[in-house]
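Notes to accompany the following structure.
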Amino acid sequence: MIDIKDLTVRYKGDQTALDGLSLRVQPGEFVLLTGPSGCGKSTLARCLNGLIPHASKATMTGRVAVDGMPTAEHTVAEMAAHVGLVFQNPSTQLFGSTVAEELAFGPRNLGLSPEEVAQRSAFALEATGIQHLRERATTSLSAGEQQRVAIAAVLTMRPRLLVLDEPTSNLDLKGSKAVLETVHRLCIDYGLTIFIIEHRLSEAAALADRMVVMNEGKILLDGPPEDVFRERHLLSELGVRCPDPTLHPHNIAMHSVEGQMQRSGTKPLVQLEDVEAGYDSHLVLQEVDFAVYPGEFVALVGDNGAGKTTMARLLAGLLKAQRGRVTWDEEVQRVPLGRRVGLLFQNPLDQLFCDSVEEEISFGPRNFGSLSDEKLDSLLDVTGLAKLRHRNPYALSVGQQQRVALASILALEPALLILDEPTMGQDWGSLSRVMDFLTRLKGHGQAILLITHDHELVRRYAERILMLEDGKLSNVAPHDGESSTMDIRRERLHEVLSS
Amino acid sequence: MKFSVRDLVYIAIFGAIWGAVELTLGSYLHVIFPPLADTFLVGMIMASLGVIVALVGRHFVPRTGAVFMIGVVAAILKMIGIGGVTVGPMVAILAESLLMELGLLIARKHTRWGFVLAGALALAWNFFHKFIMMFFLFGKGVYEVYAGMVKQGASLLRIDLSYALLIIVFLLLIRLVAGGLAGWIAWDLGRVVHDRLAR
Amino acid sequence: MTVWQDSRAMPRTRRIAFSVYGYLFFFLGTAVTAILAREGRVVLVLLGTLLFAGVFHSQALKLLRDRKIWAFIVPTLLLSPLVIGEPDLEIWGLHLSRAGFWAGVWMALRALCIALAASVFARAVSVSQMAELLEGMRLKGLGFALGVATNMLPTIQETMQTSYQAIRLRGGFRSGRLRTLRLLLVTVIAGSLRRGDDIVSAAEARAFDPARSLGSSISVTHADLALAAAFGALAVALLLV
C-alpha cells in the first residue's frame, strides 16, 4: 500500500525533516508511528497524500507511491481518492455547518452526482458509527465526536489508506478510545490500511500490528509493538513513553485516598467549601469541597467538560463562586491576583504577547513593579531558556514555547501554580523535563495543581489526585464498563511488558 | 473575485475574528451601556474594531474584494450568533466593509493613507446607519419625528437650532477621525502580525 | 437507500415547500408591499406576514418578544402625535395631533412587517443556503470561507478569552492599557493565522479547488413561484388601487 524509497524532505533554510527514509506497508496493516517532537512524523504524513511536494514550500527527493500511485506525479486531489489524511485539531479540518454538509464536502469537490454523494455519506456514517450525529451542527459536537466526523468525512473520498496525525492529542480518555476503536474497526471490518501518528502510545499500541519509531528524519525501530517496547533504554533516550504496566484506574483511586489522609492537620493554602460555580445560569461545578496545601503537587483529572478548566478559573479568581466559600491563606490573600495564582493554559501561543523571550518573562514583573535582573537571569537559567533569551517566542518549538509561557508565570512567583492540560504537542521527553523542574519547585513551598486527562503523567508526578465527574469531585475512578477490544489487547501488551 | 484556497482561509479567519469580537465584546458593551450610549458609543467602538480587523486582513489578502468578503463572513456569523433576528448589525457590517473596499479602490495603492481613507469611510456609515435603517423600516415620516424631536429639544434647552445641527456635524466628524485612526492602527498592526508570523 | 431519504430527514419536508429563493421573495415582497401600502392597508400586509410566519416559521414570531424592536417602535408611537401634524387634541396638557397619532401607527406597523419578514428569512435559511445564494452573486468561495469561519469561531472565541485572562493575570491592565490591548489583538490574530496552514492542507487533501464551481444545489420550487406571483399581483394592486 505504501512504498517509500530514499525519501528526503528539506524545508526552507535547508532544515532536513526526512533523511533518506524508506518504508513499505502492506494493505490492511495497522501501523503506529511515533518519535520525539520534530522528528519528521507529520512531514511523512504530508508526503503520503502529496501535500509535499505539491502544496508545500518543502523540497522532496526520493519516491513515494501509495496504492501504486507515485505522489509526485499526481495532484493532491487525485491522491485524495486513495489517501485520507486526518489532522490533529478537529476545528481546522471541518468545513460544513452540519455533519451532513461536512460529509458531502469532499465528494462534491470530486464532482460526484448528488446520489453518489448521499451514498458515500451513508457509508461513512455507518462505518464510523455516527449515524446519530448526521443532523447535528459541527460546532455542537464534543472534540471526540468532531474527530470521528473528520474521519468519516475523509472516508467519503473512499481512500484505501487512512493517515491520522495525532488524532487523539486534544481528546480525553473516553474520546481517544472512541476514535481509536473506530479506526480499528475500519481496519478490521473494511480492510483499510491505517497509518497513525501518536505520542500517547498506551491505547494505540494495543491496536497496532506494527510500530515504527522515528528520530531526526530516520526510522530507528520497526516491528510489532511488543518487540519495539522491549527497547526501553533507546525509547527512553528518545523521550518516547512506554506504556506503564502498573497503571490502572483503580491504582489512581487508591493513590488519591492515601494522599488525602497524609495531608490532614496541615493549614491549607486555599480551601473550597461547598462551592458552586459556572457561567450565567449554567452550573458547572457543584458541591465542591477540597483544599490545596502549600508545597504539594495535586492532580485534577476528569473527562472533557467535567469542569476542570472552570475549577482552574475559579481558583485563579477569573470566575466567582455562585455559592459556597473559597478561602485563601491570610498572607496569600493580600497579594494581587496574578501573584496569588499563576495559570498556564493549554496552548502556549495564546499567552505569548511579546517579541522576545526576555521581554515575555519580564512582562508580568514589570507590570507588578517587581522586576529584577538577577531574578530574570536565574529564571532563564533554571528553565533552560538562557540561550534563547533574545529569540522571538513565535520562532520556537511548541515545547520551548510552553517553557517560555511557564517561565513568564513563574516570574511572578505565584503561591499556587495551575497547569491546564500542559501536554499539548509535547513528547514525553520534554514533558517530563518540565514536570521534573516543577517537582523541584515544590521545595520552595509553591503548590502545583496539574489539570490533565493524561493518567500516566498524573500517576508519575502527583502526590494527590482529585477526580471531577460532571462537576462533582469524587475519589473513585470511573469504571470503564465492558472491556473493549482495546482494553483486552492492552492487558495483553502489559502482560508482555511486565514479563 | 478569484481567491486561492489560502486567501479564502485567511478571509474566513479574519471574518471569524470580526464575528467573535462582535459576539463577545459587542454583546458585553450593549449590556453595560445605556441605550443612548449604545447607539452612539458602542456602535463606534465596534465599528472601529471591525475596521482594524478587516484592514489587517487586507495585509494578508491584498486583493480587491477581500475586505468585503471578510465583512460578509462576519455579518453572517453575527446573524447566527444573535439568533438570526436583527438585520441592523448585518447591514452595518456589510455597508462598512463595502465602504472600506471603496476607500481602498480610491486610494489604488496599498498605502497607509489608503487604510486611513477606508477606515474613515467605514465609520461614516456608522453615523448614517440608524437614519437609513429607520427610513427603510418606518418610512420618511420618521424624519419628521426626529426633526420635531431636535426642534423641541433645542427649544427646551433654549439653544439655537443651528447649534443642534453643529452637534450633529461634530458627531459625524468624530466618526471620521475614529475611522481614520482605526485605519492607521490597522496598517501598523498588520505589519507587526506579519513580522511575528514570518519569524 | 440514500442518506437524504432517511425518515429522520422527514420533518424538514414541510419547510422544503419553499426554497431559499421563496423566503427571499417573501422578505423582498413583504418589504415592497409594506412600503407601497398606504395608511390602513398596511394592516393587511401585517396580517399576511403574521399568517405566513405562523404557518411556515412560527419561531420567527419570537421577534415580537424582543425588547429591542419595541424600543424603536414605542418611542415612534409616542412621539408622532407630538411632532407630526397640527395639534387638534389636548390630553393632560399635551397638545396632540390625531393625524400624527395615525401616522405613527402606520409607521410602526410597516416596521413590524419588515422586521418580521426579515426574521422569517433569517430563521428559515441555513448558513450554507445563504452562502450558496451569495455565491450565486459572484462571491465565489464564500460558502467554503463561511464553513471554515463557522467551525473556527468557537476556537477563536476561546483564544480571545484565554489571551485576555492570561494577560490580565500577568498584570497587563495595571498600566499601559492601550499597549496591552494592542498586544492582545496581535496575539489573537497571529494565533488564529497560525492555524491557517493546517486548514489549507485539510481543504486541499479533500480536493477543494475554488476555481471549480460546484454548482448550486438550490432550485426554485413551484411554491416559490406562486409566492412571487402573489406578491407581484399584490404590489400592482397596491399601486393601482
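Below, read A as the first sequence line, B as the second, and so on, with proteins coming before strands; counting in each chain starts at 1. Hydrogens, waters and symmetry mates play no part in the numbers below; they use all other heavy atoms, side chains included.
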Output the option from B:Val145, B:Val192, B:Leu189 having the highest count of non-hydrogen pairs under 4.5 Å with chain C. B:Val145

Where does B:Phe68 contact chain C at under 4.5 Å (heavy atoms): side chain, backbone, both or neither? side chain

What option among C:Leu82, C:Thr76, C:Leu193 has the most heavy-atom pairs under 4.5 Å with chain B? C:Leu193

Identify which of B:Tyr10, B:Phe3, B:Phe14 forms the greatest number of heavy-atom pairs closer than 4.5 Å to chain C. B:Phe14

Which is it for B:Leu8 and C:Val148 under the side chain to side chain contact (heavy atoms under 4.5 Å, CB included) test, yes or no, and what are the steps along the way? CA-CA 9 Å; B:Leu8 289 171; C:Val148 173; over 6 Å; no

Interchain contact, C:Ala203 with chain B, by part (heavy-atom threshold 4.5 Å): side chain

What residues, two or more places apart in sequence or in another chain, satisfy salt bridge (Lys or Arg N to Asp or Glu O under 4.0 Å) together with B:Arg6? C:Asp197

With rounding to the nearest 0.5 Å, note down the distance linking CG in B:Leu25 to OH in C:Tyr164. 10.0 Å

Using a heavy-atom cutoff of under 4.5 Å, enumerate the residues of residues 152-160 of chain C that contact chain B, numbered in order, or state 'none'. C:Met152, C:Leu153, C:Ile156, C:Gln157, C:Met160

Is it the backbone or the side chain of C:Glu204 that comes under 4.5 Å from a heavy atom of chain B, or both, or neither? side chain

Counting only heavy atoms not in C:Glu90, do more than 12 fall under 6.0 Å of its CD? yes

Contact class of C:Leu112 relative to chain B, heavy atoms under 4.5 angstrom: neither

Pairing residues for B:His59 by the side-chain hydrogen bond (donor to acceptor under 3.5 Å, both in side chains) criterion, not counting sequence neighbours: none

Considering non-hydrogen atoms only, spot the tightest contact between B:Ser4 and C:Pro210 and give its length. C-CG, 4.0 Å

Closest non-hydrogen atoms of C:Ala149 and B:Ala16, given as atom of the first, atom of the second and distance, are O-CB, 4.0 Å

Which portion of B:Ile52 sits near chain C, non-hydrogen atoms under 4.5 angstrom: side chain

If you count the non-hydrogen atoms of other residues, nucleotides and ligands that lie under 6.0 Å from CZ in B:Arg63, is the total more than 12? yes

Proximity breakdown for B:Val21 and chain C, heavy-atom pairs closer than 4.5 Å: both

Answer key: most heavy-atom pairs under 4.5 Å with chain B among C:Lys62, C:Met107, C:Met130 is C:Met107

Between CZ of C:Arg194 and CD1 of B:Ile13, what distance do you get to the nearest 0.5 Å? 12.0 Å

Quick one, C:Leu142 with B:Ile11, criterion side chain to side chain contact (heavy atoms under 4.5 Å, CB included). Give me CA distance, side-chain angles, the key distance, then yes/no. CA-CA 9 Å; C:Leu142 181 73; B:Ile11 283 168; over 6 Å; no

Heavy-atom check, side chain of B:Ile185 versus side chain of C:Arg182, under 4.5 Å: no

Just give me the residue among C:Ala111, C:Gly141, C:Ala108 that pairs up with chain B most often, heavy atom to heavy atom, under 4.5 Å. C:Ala111

Measuring from atom CZ of B:Phe60 to atom CD1 of C:Ile189, what distance do you get when rounded to the nearest 0.5 angstrom? 8.0 Å

All pairs passing side chain to side chain donor-acceptor pair (under 3.5 Å) where residues 95-113 of chain C contributes a residue, at least two apart: none

May I have the step-by-step check of side chain to side chain contact (heavy atoms under 4.5 Å, CB included) for C:Thr187 and B:Arg196, ending in yes or no? CA-CA 9 Å; C:Thr187 299; B:Arg196 193 176 272 202; 3.5 Å; yes

Please rank C:Gly196, C:Ala145, C:Ala31 by heavy-atom pairs under 4.5 Å with chain B and give me the top one. C:Ala145

Just give me the residue among C:Leu185, C:Val200, C:Leu109, C:Leu116 that pairs up with chain B most often, heavy atom to heavy atom, under 4.5 Å. C:Val200

Over 12 non-hydrogen atoms of neighbours within 6.0 angstrom of CG in C:Leu178: no

For C:Phe173, I'd like to know if atom CZ has over 12 heavy atoms of other residues, nucleotides or ligands within 6.0 Å. yes

